[in-house]
**Student:** 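Structure in structure tokens, see below.
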Amino acid sequence: MITVIFILAAYLIGSVSFAVLTSKMFGLPDPRTFGSKNPGATNVLRTGKKLAAAVTLLGDGAKGWLAVFLALRLAPVYGLDETVVAASAIAVFLGHVYPIFFAFHGGKGVATVLGILLALNLWLGLAALATWLLATYMWRISSLSALIAAVFTPFYGWLWLKSGVLVAAVAAVSLLLIWRHKSNIQNLLSGKEQAIGKTQPGDAPPQ
């Protein structure tokens, strides 16, 4: 029963969409109604409000970190092993992707995965972030950077995590993140994926 509570709590934490809440706080249109229709920091940035995008990024990352941090600290108190931590990591990611509070229409989970990784191991999170930054510097395509980081992250987990079940959880969220980017992969293959800072007609939010 305690294990179920851990997993459910992580899912509910993940279900809080900071893109939607931040947009309301800043008086911006719902990010699910314009651009990529993805409730994430990149789409919020299309409004031109950099502060709102930054708050979204931090919020989505913080909830991933919080869910795993709580599981790491509280699981031993209840005599639970790292399996519940791994399950909580996957649950908070699924909460972000399929949030119960927002009709199961969530984001792609890049910032949330980063928060999860930072909570599991600081060096693991920093390695994934450095990979994303390097890829962004080279190609300036956010989705491509996320995909490259997701490919390398299970290897980083194998290097820095001592638990096989936690490495498996890292691999699982990385694969789920890649799957959530399937439309971006199609756009990349067809040369239609947008670079950071560039927009197409129809991307602008309604005024």
**Student:** What is the distance from atom CG of Leu166 to atom CG of Leu72, rounded to the nearest 0.5 Å?
**Tutor:**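 Those atoms lie 7.5 Å apart.
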**Student:** If hydrophobic clusters are built from ILVMFWY residues whose side chains come within less than 4.5 Å, do Leu189 and Ile148 share one?
**Tutor:** yes
**Student:** Measure the CD1-CG distance between Ile13 and Leu66 for me, rounded to the nearest 0.5 Å.
**Tutor:**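 Result: 4.5 Å between the selected atoms.
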**Student:** Do the non-hydrogen side-chain atoms of Val97 and Leu176 ever get within less than 4.5 Å of each other?
**Tutor:**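 Not touching, per the 4.5 Å side-chain cut-off.
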**Student:** Without swapping roles, check the side chain of Tyr156 against the backbone of Trp123 for a donor-acceptor pair under 3.5 Å.
**Tutor:**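 Not a single qualifying donor-acceptor pair exists.
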**Student:** Considering non-hydrogen atoms only, spot the tightest contact between Thr33 and Asp30 and give its length.
**Tutor:** OG1-O, 2.6 Å
**Student:** Who passes side-chain hydrogen bond (donor to acceptor under 3.5 Å, both in side chains) against Ser183, sequence neighbours left out?
**Tutor:** none
**Student:** Consider only side-chain heavy atoms of I, L, V, M, F, W and Y, link residues closer than 4.5 Å, and tell whether Val92 and Val4 are in one cluster.
**Tutor:**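 No, it is not one cluster - the side chains of Val92 and Val4 are not joined through contacts under 4.5 Å.
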**Student:** Could you tell me whether Phe152 atom CZ has more than 12 heavy atoms of other residues or ligands within 6.0 Å of it?
**Tutor:**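 12 or below, so no.
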**Student:** Can you name the nearest heavy-atom pair linking Arg46 to Gln194, along with the distance?
**Tutor:** NH2-OE1, 3.9 Å
**Student:** For Lys182, does the NZ atom sit with more than 12 other heavy atoms under 6.0 Å from it, leaving out its own atoms?
**Tutor:** yes
**Student:** Supply the atom-to-atom distance Trp132 CH2 to Leu144 CG, rounded to the nearest 0.5 angstrom.
**Tutor:**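 Result: 11.0 Å between the selected atoms.
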**Student:** For the atom pair CD1 (Ile100) and CG (Leu94), what is the distance rounded to the nearest 0.5 Å?
**Tutor:** 13.0 Å
**Student:** Rounded at 0.5 Å granularity, tell me how far CG in Leu129 sits from CG in Leu118.
**Tutor:**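 So the gap between those two atoms works out to 7.5 Å.
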**Student:** Return all side-chain donor-acceptor pairs below 3.5 angstrom for residues 17-26, not counting sequence neighbours, or 'none' if the list is empty.
**Tutor:**
from: Ser17; atom 1: OG; to: Val20; atom 2: N; distance (Å): 3.4
from: Thr22; atom 1: OG1; to: Phe18; atom 2: O; distance (Å): 2.6
from: Ser23; atom 1: OG; to: Ala19; atom 2: O; distance (Å): 2.7

**Student:** When you measure from the side chain of Asn121 to the backbone N and O of Gly157, does any donor-acceptor pair fall under 3.5 Å?
**Tutor:**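 Between the backbone of Gly157 and the side chain of Asn121 there is no qualifying donor-acceptor contact (under 3.5 Å).
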**Student:** Can you name the residues that form a salt bridge (Lys or Arg N to Asp or Glu O under 4.0 Å) with Arg180, not counting sequence neighbours?
**Tutor:** none
**Student:** What salt bridge (Lys or Arg N to Asp or Glu O under 4.0 Å) pairs are there with at least one residue in residues 64-90, not counting sequence neighbours?
**Tutor:** none
**Student:** Which atom pair, heavy atoms only, marks the closest approach of Asn43 to Lys37?
**Tutor:**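 Scanning both residues completely, I find the closest heavy atoms to be ND2-N, 3.3 Å.
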**Student:** Please report the shortest heavy-atom distance between Ala135 and Ser145, naming the atom on each side.
**Tutor:**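 For Ala135 and Ser145, the tightest heavy-atom pair comes out as C-OG, 3.5 Å.
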**Student:** Give a yes or no answer on whether the side chain of Thr112 reaches the backbone of Asp60 with a donor-acceptor pair at less than 3.5 Å.
**Tutor:** yes
**Student:** Would you indicate whether Phe101, at its atom CZ, is surrounded by more than 12 heavy atoms from other residues, nucleotides or ligands within a distance under 6.0 Å?
**Tutor:** yes
**Student:** Measure the shortest side-chain to side-chain distance between Ser174 and Val170 over non-hydrogen atoms and say whether it is less than 4.5 angstrom.
**Tutor:**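 A side-chain contact under 4.5 Å exists here.
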**Student:** Please tell me whether Ile7 and Phe104 are part of a single hydrophobic cluster in this structure, the criterion being side-chain heavy atoms less than 4.5 Å apart.
**Tutor:** no
**Student:** Whether the side chain of His181 engages the backbone of Leu177 through a donor-acceptor N/O pair (distance < 3.5 Å, no angle test) should be reported.
**Tutor:** yes
**Student:** Do Leu117 and Leu58 belong together in a cluster built from hydrophobic side chains that touch within less than 4.5 Å?
**Tutor:**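 No; tracing contacts between hydrophobic side chains, which count when under 4.5 Å, never links both residues.
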**Student:** Taking C-beta and beyond as the side chain, do Val84 and Ile2 meet within less than 4.5 Å on heavy atoms?
**Tutor:** no
**Student:** Any chance you could measure Tyr11, atom OH, to Phe93, atom CZ, to the nearest 0.5 Å?
**Tutor:** 12.5 Å
**Student:** What heavy-atom pair brings Ala128 and Ala149 nearest, and what distance separates the two atoms?
**Tutor:** O-CB, 3.9 Å
**Student:** What are the two closest heavy atoms between Ser143 and Leu188, and how far apart are they?
**Tutor:**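 Smallest heavy-atom distance, with atoms named: OG-CD1, 4.2 Å.
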**Student:** With sequence neighbours left out, what residues match Phe69 under ring pair (Phe, Tyr, Trp, His ring centres under 6.0 Å)?
**Tutor:** Trp65
**Student:** Can you name the side-chain hydrogen bond (donor to acceptor under 3.5 Å, both in side chains) partners of Ser15, sequence neighbours left out?
**Tutor:** none
**Student:** Do Ser36 and Thr42 come close enough that some side-chain heavy atom pair is under 4.5 Å?
**Tutor:**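 Answer no - side chains too far apart.
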**Student:** Anything under 30° is parallel, anything over 60° is perpendicular, the rest tilted; go ahead and classify Tyr98 against Trp179.
**Tutor:**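 Because their plane-to-plane angle lies in the 30° to 60° range, the rings of Tyr98 and Trp179 count as tilted.
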**Student:** Tell me whether Leu120 is reachable from Trp160 by hopping between hydrophobic residues (I, L, V, M, F, W, Y) whose side-chain heavy atoms are closer than 4.5 Å.
**Tutor:** yes
